[in-house]
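Notes to accompany the following structure.
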Amino acid sequence: MQTPATPAPRDHWSSRLGFVLAAAGSAIGLGNLWKFPYITWDNRGGAFVLVYLGCIAAVGLPIMMAEILIGRKTQTSVVGAFKQALGPRWRVVGGLGVATGWILLGYYTVVAGWTLSYLARCLRWSFTGYPSGYDPGGAFGSLVADGPVQLVLSAAFMVLTVAVVYSGIGRGIERVSRVLMPALFGILLMLLVTALSMDGAGEALGFIFRPSFSELSWDGTLEALGHSFFTLSLGMGAMLTYGSYLRRGESVVRAATWVVALDTLIALIATVTMFSVIFSVAGMTDHVGRSTAGMLFISLPELFYTAVPFGAILAPLFYLLVAFAALTSTISMLEVAVSYWIDERGVSRRRATLLSGAGIFVITALCGLSLGAWGPLSSFTVFGEKAGLFATLDHLVANWLLPLGGLAITLAAGWFLTREATRAELVDGSQPRWFRYGLWRFFIRYVSPLAVAAIILAVIFFGRDFS
Ligand code: TRP
C-alpha cells in the first residue's frame, strides 16, 4: 500500500444537480419501491403516511443536512471526516459506518439480483405471454432457494456496482446517475398515469392520504421513524461521503432539501401506483394481505399481465426501474468503503474498488445461500425468529447499526461540533431564504437524538423489530 507522493486532486461533482441526482439515487432504492409500500399496507395507510412525512421533516431532513455538512466541511471519507472534525476517538464512529456499509451492501445485493431475474422473466413473458397455471409465490420461493442462481444474479449485480464506482465520482457515479435517475422518473410517471386511469385509483388515494388515527399504533410510529432513516440512506455516512465530493459554495441546505423531497415524492408515487393496481382487481386486497412483503415480486408481475393496460410494455420497464433504483443505491454503499481505502490508506481507486467489491461479495454469496439453498446458513437464529444469515444481517443493520450511527451523527453535529462550525457550513450565503439556523440546531440537538434513541430503546427493551 503506497501513498502517492502528490495526491491526485479530489474528484468532485460537476454541479449541485450532479450531487442531487447521485444522492437521490442513493436514497431512492428498494426501500422506496419495495419496503415503503408494504409497511404502508401493513399499517393501514393514511395516518401512517402522515406520521412518516412528519419523521422525514423533523428527523430525516436535519440529519441529512448534518451528514452532508460534515462531509463537505472535511472533504474526506467517513473515518477521516469524524477524526478531523471531532478528534481521533471519533474514528470509531466512522469505522462503524464503513462496517455497516459492508454488511448492508452484502445483503442488499441479493435482493437487487432478484430484480434482474424478474426483468428477464418479464422480457420473456412480454413476447410469449404470461404462462397459464404459473404459481407466482411458488416460483419466487424456488428462485430464492436456488443457490447457483442466487450466486449468478448477485454476482452480476455486484459487477455492475463495481464497474460504476471504479470510474470515480464525476465520470462514474455522477455520469450514471445523470442517465438512470431521469429514466427512473420517466418510467415511474408512465406507470403512475396508467395506474391512475384504473378503477381502483380513487380507493388507493383514499387509503394513502385519508388519515384515520385510530388505526395508528406505537409500533407503526416507530416503524415510520426507522424507515425514514433507512430510506434517506442515513446513519452510516453514505450521505457524508457523497457530501465530501461537494464543492464549497454549493448550498448544503438546498442539496439536502432536494434529496429528501425527491425521495419522499418517489416513495409516494410508487405507493399510489401499486395500490391503484391492487385496488382495481377484485379479491387482490385479500391476496396481497397474506404476503405484503412479497408485493413486488409475487403479486405485481401477474397483475401487469392480467390487469394493467399496456402491461406487456410496462412490466419489463417497471423491473428495469427497480434495478436502476437498486443500482444507484448499491454504488453509494460501495463508495463508503472505497473512499475509506483511498483517503485513509492511500490505495488507488481502482484497486480499492476491486478489493472491496470482492470482499463484500463473500458476504453477498453467503447471504444468497442463506434463503434455503444451504441449510446451516439458512436456519440459525441470533435475533428471535430471524432465521438465517440474510435476515440476521438485515435485522442487525436496520435495528442496531443504522440507528446507532444516526445517534452518533446527531450528537456530533448538535453537541460536539461548535455552533460556529456548523453555522459556517449551513449559512454560507448560498442557503435558501427560508432556512433558519436556530431551528435546525434545535432539531439536531433535541428532536433527532430523542427520536433515534426511541428506536434504540424500543429495540432493546421491547424487542421491537424494524427490518
Ligand atoms: N436508501 C436506500 C433505499 O431506500 C438504501 C440505502 C442506500 C441505504 N444507501 C444506504 C440505507 C446507506 C442506509 C445507508 O433502498
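Whatever order the structure lists them in is the order used to number ligands and atoms, beginning at 1.
- Under the 4.0 Å criterion applied to side-chain N and carboxylate O atoms, Lys35 and Glu223 are not assigned as salt-bridge partners.
- Classified by interplanar angle (parallel below 30°, tilted 30° to 60°, perpendicular above 60°), the ring pair Phe207/Phe275 is perpendicular.
- With ligand atoms numbered from 1 in the order given, ligand 1 contributes 1 (N), 2 (C), 3 (C), 4 (O) to contacts under 4.0 Å with heavy atoms of Ala27.
- Using a 4.0 Å heavy-atom cutoff, Trp34 is absent from the residues neighbouring ligand 1.
- Nearest heavy atoms, Met239 versus Ala23: CE-O, 3.3 Å.
- Scanning the protein heavy atoms around atom 8 (C) of ligand 1, the nearest turns out to be Ser233 OG, 3.4 Å.
- Note on Arg72 versus Glu67: no salt bridge recorded, every NZ/NE/NH1/NH2 to OD/OE distance being 4.0 Å or above.
- Polar contact check, Phe230 against ligand 1: a nitrogen or oxygen pair lies under 3.5 Å apart.
- Under a 4.0 Å heavy-atom criterion, Gly235 is not in contact with ligand 1.
- For Phe435 and Trp440, the ring centers are positioned 6.0 Å apart or more.
- Remark: ligand 1 atoms within the under-4.0 Å shell around heavy atoms of Tyr108 are 2 (C), 3 (C), 5 (C), 15 (O).
- Note: no N/O pair closer than 3.5 Å links Met333 and ligand 1 by distance alone.
- No side-chain donor from either of Ser448 and Thr410 sits under 3.5 Å from a side-chain acceptor of the other.
- Of all atoms in ligand 1, numbered sequentially from 1 with element shown, those under 4.0 Å from a heavy atom of Met236 are 12 (C), 14 (C).
- The shortest N/O to N/O separation between Leu402 and ligand 1 does not fall below 3.5 Å.
- Listed by number with element, the atoms of ligand 1 under 4.0 angstrom from any heavy atom of Ser332 are 9 (N).
- Taking a 6.0 Å sphere around CZ of Arg178, one finds it holds more than 12 heavy atoms contributed by other residues, nucleotides or ligands.
- Here Arg10 pairs with Asp343 in a salt bridge; the nearest charged N to carboxylate O distance falls below 4.0 Å.
- The atoms of ligand 1 that sit less than 4.0 Å from any heavy atom of Leu104 are 8 (C), 10 (C), 11 (C), 12 (C), 13 (C), 14 (C).
- Every atom of ligand 1 with a heavy atom of Leu30 under 4.0 Å away is listed here by number and element: 15 (O).
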